[in-house]
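FYI, side chains are in, hydrogens and waters are out, and symmetry mates aren't considered; it's all heavy atoms of this structure. We count ligands from 1, going down the list as the structure has it; atoms in each ligand are counted the same way.
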Amino acid sequence: MPHPQPAPTPLGLRGPAFGGDYNPEQWPEEVWHEDVRLMREAGVTMVSVGIFSWALLEPEPGRYDFGWLDRLLDLLHVNGVRVDLGTPTVAPPAWFYRAHPDALPLTADGVRYAFGSRGAICHSSPAYRQAAAGITEQLARRYGTHPALAMWHVHNEYGVPVSACYCDTCAAHFRRWLAARHGTVEAVNEAWGTAFWGQRYHTLDEIQPPRATPTVGNPAQRLDYARFADATMRENFTAERDILHRLAPGVPVTTNFMTALSQCESVDYWAWGREVDLVTNDHYLITDGRRTHVNLAMAADLTRSVAGGAPWLLLEHSAGGVNWQPRNPAKLPGEMARNSLAHVARGSEGAMFFQWRQSRRGAEKFHSAMVPQAGTDSRVWREVSALGADLGRLEGIRGTRTVADVAMLWDWQSWWAQRLEWRPSEDHDARERADTFYAALYDHHLTVDFAHPDADLSAYPLVVVPALYLATEETGRNLRRYVEGGGTLVVSYFSGIVDADDAVHPGPYPGALRDVLGLTVEEFSPLLDGHTVRLTTPEGAPEGPDLTGDVWSDVVVPRGAETLWTYADGLPAGRPAITRNRLGEGTAWYVSTRLSGPDLDTVLGRALADAGVTPRTGLAHDVEVVRRTGETGTYLFAINHTDAPAGVRLDAPGTELLTGQGVVEELTVPAGAVRVVRLDG
Ligand code: GAL
């Protein structure tokens with residue numbers, strides 16, 4: 001739900017942020033002058049600086065060399081480029097590890113990582129914490145009032161590449177965390193179900209991190225460790241943030257998230273969203289044949305949602321191909337601008353990149369950049385400059401909010417729990433369900449907000465729950481309240497099964513949701529690989545096409561819910577497969593098998609009708625229409641991901657901001673292009 005206050009924005013920026021990670025320490029200083037000239041030419045408004053610069057800034061413990069950064073910030077300032085200044089704490093120097101080898105993280109298998117990459121950090125290490133606080137304090141004192149400073153960029157992508165360490169320092173820290181969470185060793189025994197397999201602890205001191213075990217380790221212990229690792233990184237973020245707030249009051253503090261579920265799995269962004277002043281996100285296209293623009297839209301919606309609906313900022317994406325996938329296609333003409341503006345449509349206050357100038361050395365020399373190896377006589381540079389100009393035309397969108405139609409529940413902690421081993425089927429994948437439900441809503445041209453399961457959902461006519469294995473009783477009550485108040489809820493299988501300790505709710509499945517769904521599940525009956533089940537409508541129910549499910553089926557016992565489809569084969573043949581429970585003013589749907597494509601669409605279409613949501617019609621597949629609205633007006637973004645021109649009907653006339661043309665009734669978006677209409681009135 002929206003934050004009561006407008007989110008802080010980078011200081012000194014009038015319009016959208018445009019620029020990228022700038023690593024000038026990789027270049028002789030004469031190149032810096034060329035850089036700022038090109039930045040002005042391309043309309044760059046802000047760059048992120050110093051993210052990996054610790055070894056240069058503090059060449060030996062307690063000796064600082066700020067000369068180069070002073071010169072750089074002054075140069076950027078006189079050229080009108082704002083600075084998102086990094087605390088370099090993701091890359092401690094070699095001298096630090098030499099003095100503190102135990103600050104390198106230990107894997108669950110007992111392997112100690114080595115220096116020579118980045119992000120090799122044991123977040124419990126007192127030496128790391130002290131050194132990180134030291135450099136952060138130095139930077140805050142030196143640059144906190146520098147006129148170029150727009151905001152602070154703490155660390156880099158917490159959780160990537162390593163989130164958890166399993167060393168003895170972490171073990172002691174984990175025991176303190178457990179004492180705070182559970183109180184006593186008895187409570188830990190209870191929560192973890194240690195009566196099973198003789199795992200009972202007699203004192204907290206006996207407890208270790210969930211290191212490699214001969215067979216499956218205690219799932220509740222592993223879930224708590226995932227929470228602990230996330231909380232430990234957050235402790236380090238808030239420690240730096242508090243130093244910056246204290247020494248440089250009024251300057252917004254962020255750390256770049258990676259909300260795409262395919263890119264970072266170990267961070268509970270609901271919790272992090274509350275700690276940053278401004279939510280920022282990094283997003284990279286995963287080019288594995290899936291529809292990258294749908295994944296992008298989902299990540300952008302998720303980012304906006306962890307920002308409480310407020311505007312946020314895309315801090316990194318790529319001008320072209322990345323270099324860390326098996327195959328890294330270049331972006332096609334127009335694709336970069338489409339990607340950038342799709343993030344803006346969904347709430348970003350600009351588009352920033354990794355990185356400004358492509359490196360000649362190091363691990364990322366084949367990663368695209370705003371200034372490619374080919375220099376400025378290149379398609380990438382021309383597209384970068386054109387994007388800078390386009391963003392300059394969108395000043396008015398600042399502070400406006402994206403309008404969502406429906407909501408999807410998502411909970412990282414439930415995902416962590418569900419992914420542990422020895423579940424009924426390894427083919428059930430929470431992320432796949434979230435992706436598939438999201439794509440179905442996207443294809444109905446609906447804009448999706450994500451919500452935490454305990455959030456107030458009353459603003460949404462429809463809420464989908466693609467995978468919520470872990471759901472507390474409080475969540476059950478929240479969903480019941482939502483439905484009774486008139487909401488339409490669609491719940492997919494294997495949801496509402498366990499509580500916060502990964503213990504199965506007492507009584508038949510799905511304990512937390514029996515009530516709202518009006519049914520119980522007597523047995524799970526997961527399907528073998530490649531097997532399917534057929535679903536038909538029973539007599540008396542509204543007619544519908546036969547459907548096909550795979551991966552999962554349930555033996556459902558209706559307890560108030562009506563049956564809309566039954567299983568025609570499989571173990572549950574003749575039993576309900578898809579049900580609807582009318583409760584208070586609303587309805588709760590249950591989908592007990594894995595539906596995809598048109599079959600999922602059929603069911604969602606019915607639920608949308610229940611909810612009174614009319615999906616936009618008359619829009620071509622893969623033409624995206626999203627609105628932002630606020631004090632400066634309403635802006636309609638139309639993004640054409642197809643190879644043919646697309647028509648978009650407008651409900652009010654307006655001005656297309658990228659071409660400056662007036663439009664009435666019908667907007668034409670050329671193939672692969674984006675149009676942004678400021679609607680009149
Ligand atoms: C990001 C990271 C950047 C750069 C980029 C390459 O995750 O923050 O520093 O490595 O990936 O795609």
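Applying the salt bridge (charged side-chain N to carboxylate O under 4.0 Å, His left out) test to every pair with at least one member in residues 236-261, sequence neighbours left out, gives these pairs: R241-E275.
D70 and H146 form no side-chain donor-acceptor contact under 3.5 Å, judged by distance and modelled atom types alone.
Of the listed residues (D84, T9, V253, V83), just one forms a side chain to side chain contact (heavy atoms under 4.5 Å, CB included) with M151, and that residue is D84.
Taking the six-membered ring for Trp and the full ring otherwise, H317 and F353 have centroids separated by under 6.0 Å. In this structure, W272 has its ring center closer than 6.0 angstrom to the ring center of Y158.
Using a 30° and 60° split on the angle between ring planes, W410 and W412 fall in the perpendicular class, above 60°.
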Short N or O contacts of ligand 1 with protein, under 3.5 Å, listed by atom name?
residue	atom	partner	partner atom	Å
ligand 1	7 (O)	E157	OE1	2.5
ligand 1	7 (O)	E157	OE2	2.7
ligand 1	8 (O)	N156	ND2	2.9
ligand 1	8 (O)	E157	OE1	3.2
ligand 1	8 (O)	E157	OE2	3.1
ligand 1	8 (O)	E316	OE1	3.0
ligand 1	8 (O)	E316	OE2	2.9
ligand 1	9 (O)	R118	NH1	2.8
ligand 1	10 (O)	R118	NH1	3.4
ligand 1	10 (O)	R118	NH2	2.7
ligand 1	10 (O)	E364	OE1	3.2
ligand 1	10 (O)	E364	OE2	2.4
ligand 1	12 (O)	W324	NE1	2.8
ligand 1	12 (O)	H367	NE2	2.7

